[in-house]
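FYI, side chains are in, hydrogens and waters are out, and symmetry mates aren't considered; it's all heavy atoms of this structure.
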Amino acid sequence: AQGQVQRVVLQAGANTITVPASPAPTGCIIVLPDTNTSVTTLKGVAGDTGIAIGKITKHLLTWDSTAPPASFVLDSVSTQTGLATEITFF
């Protein structure tokens, strides 16, 4: 999983991001597209309130490699047509 990159075109609403299982990553970097106009919210699961991370920001998430999350959610206000959010696991 280390160095694995996922590129996701976020749809309106909850987008579940699956964390690679092996080898267990210790975190990821989320890079929202430079031309994105939709607010994106980071959540643990779809029903969470979450934390708005903005439209064009970069975020670093880290966790214990012995207990990585199976997934997390990026919730978008609207579909980000033609724009890929990049998630790099390390």
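Judged as a side chain to side chain donor-acceptor pair (under 3.5 Å), and not counting sequence neighbours, Thr49 has no contacts. Under the side chain to side chain contact (heavy atoms under 4.5 Å, CB included) criterion, Ser78 pairs with Ser38, sequence neighbours left out. Thr16 pairs by the side chain to side chain contact (heavy atoms under 4.5 Å, CB included) definition with Ser71, Val73, not counting sequence neighbours. Evaluation of the side chain to side chain donor-acceptor pair (under 3.5 Å) rule for Thr37 yields no partner, not counting sequence neighbours. For the side chain to side chain contact (heavy atoms under 4.5 Å, CB included) test, residues two or more places apart in sequence or in another chain that qualify with Pro68 are Ala24, Trp63. With sequence neighbours excluded, the residues forming a side chain to side chain contact (heavy atoms under 4.5 Å, CB included) with Ala52 are Val39, Thr41, listed by chain and number.
Only one option out of Val8, Asn15, Thr85, Leu74 pairs with Gln80 in a side chain to side chain contact (heavy atoms under 4.5 Å, CB included); it is Thr85.
In the displayed structure, Leu60 atom CG is contacted under 6.0 Å by more than 12 heavy atoms of other residues, nucleotides or ligands.
For the salt bridge (charged side-chain N to carboxylate O under 4.0 Å, His left out) condition, no pair includes a residue of residues 21-32, sequence neighbours left out. Sequence neighbours left out, the pairs with a member in residues 71-89 that pass salt bridge (charged side-chain N to carboxylate O under 4.0 Å, His left out) are Arg7-Glu86, Lys43-Asp75. Screening residues 12-25 for salt bridge (charged side-chain N to carboxylate O under 4.0 Å, His left out) gives no qualifying pairs among residues at least two apart or on separate chains. Residue pairs meeting the salt bridge (charged side-chain N to carboxylate O under 4.0 Å, His left out) criterion with at least one partner in residues 21-32, sequence neighbours excluded, do not occur; the list is empty.
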Under 3.5 Å, sequence neighbours excluded: what are the donor-acceptor pairs made by side chains of residues 27-35?
none

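The main-chain N or O of Gly50 is never found under 3.5 Å from a side-chain atom of Asp48 such that the two would form a donor-acceptor pair. Here the side chain of Ser76 pairs no donor or acceptor atom with the backbone of Thr40 at under 3.5 angstrom.
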Taking it one step at a time, do Val9 and Gln11 satisfy side-chain contact (heavy atoms from CB on, under 4.5 Å)?
CA-CA 6 Å; Val9 176; Gln11 302 301 306; 3.9 Å; yes
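Heavy-atom minimum distance, Thr26 versus Ser65: CG2-CB, 3.4 Å. Across Thr18 and Phe89, no two heavy atoms sit closer than the pair O-CZ, 4.1 Å. For the pair Leu61 and Phe90, the tightest heavy-atom approach, listed with the atom from each and the gap, is O-CZ, 3.9 Å.
With hydrophobic clusters built from ILVMFWY side chains whose heavy atoms lie under 4.5 angstrom apart, Leu42 shares a cluster with Val19.
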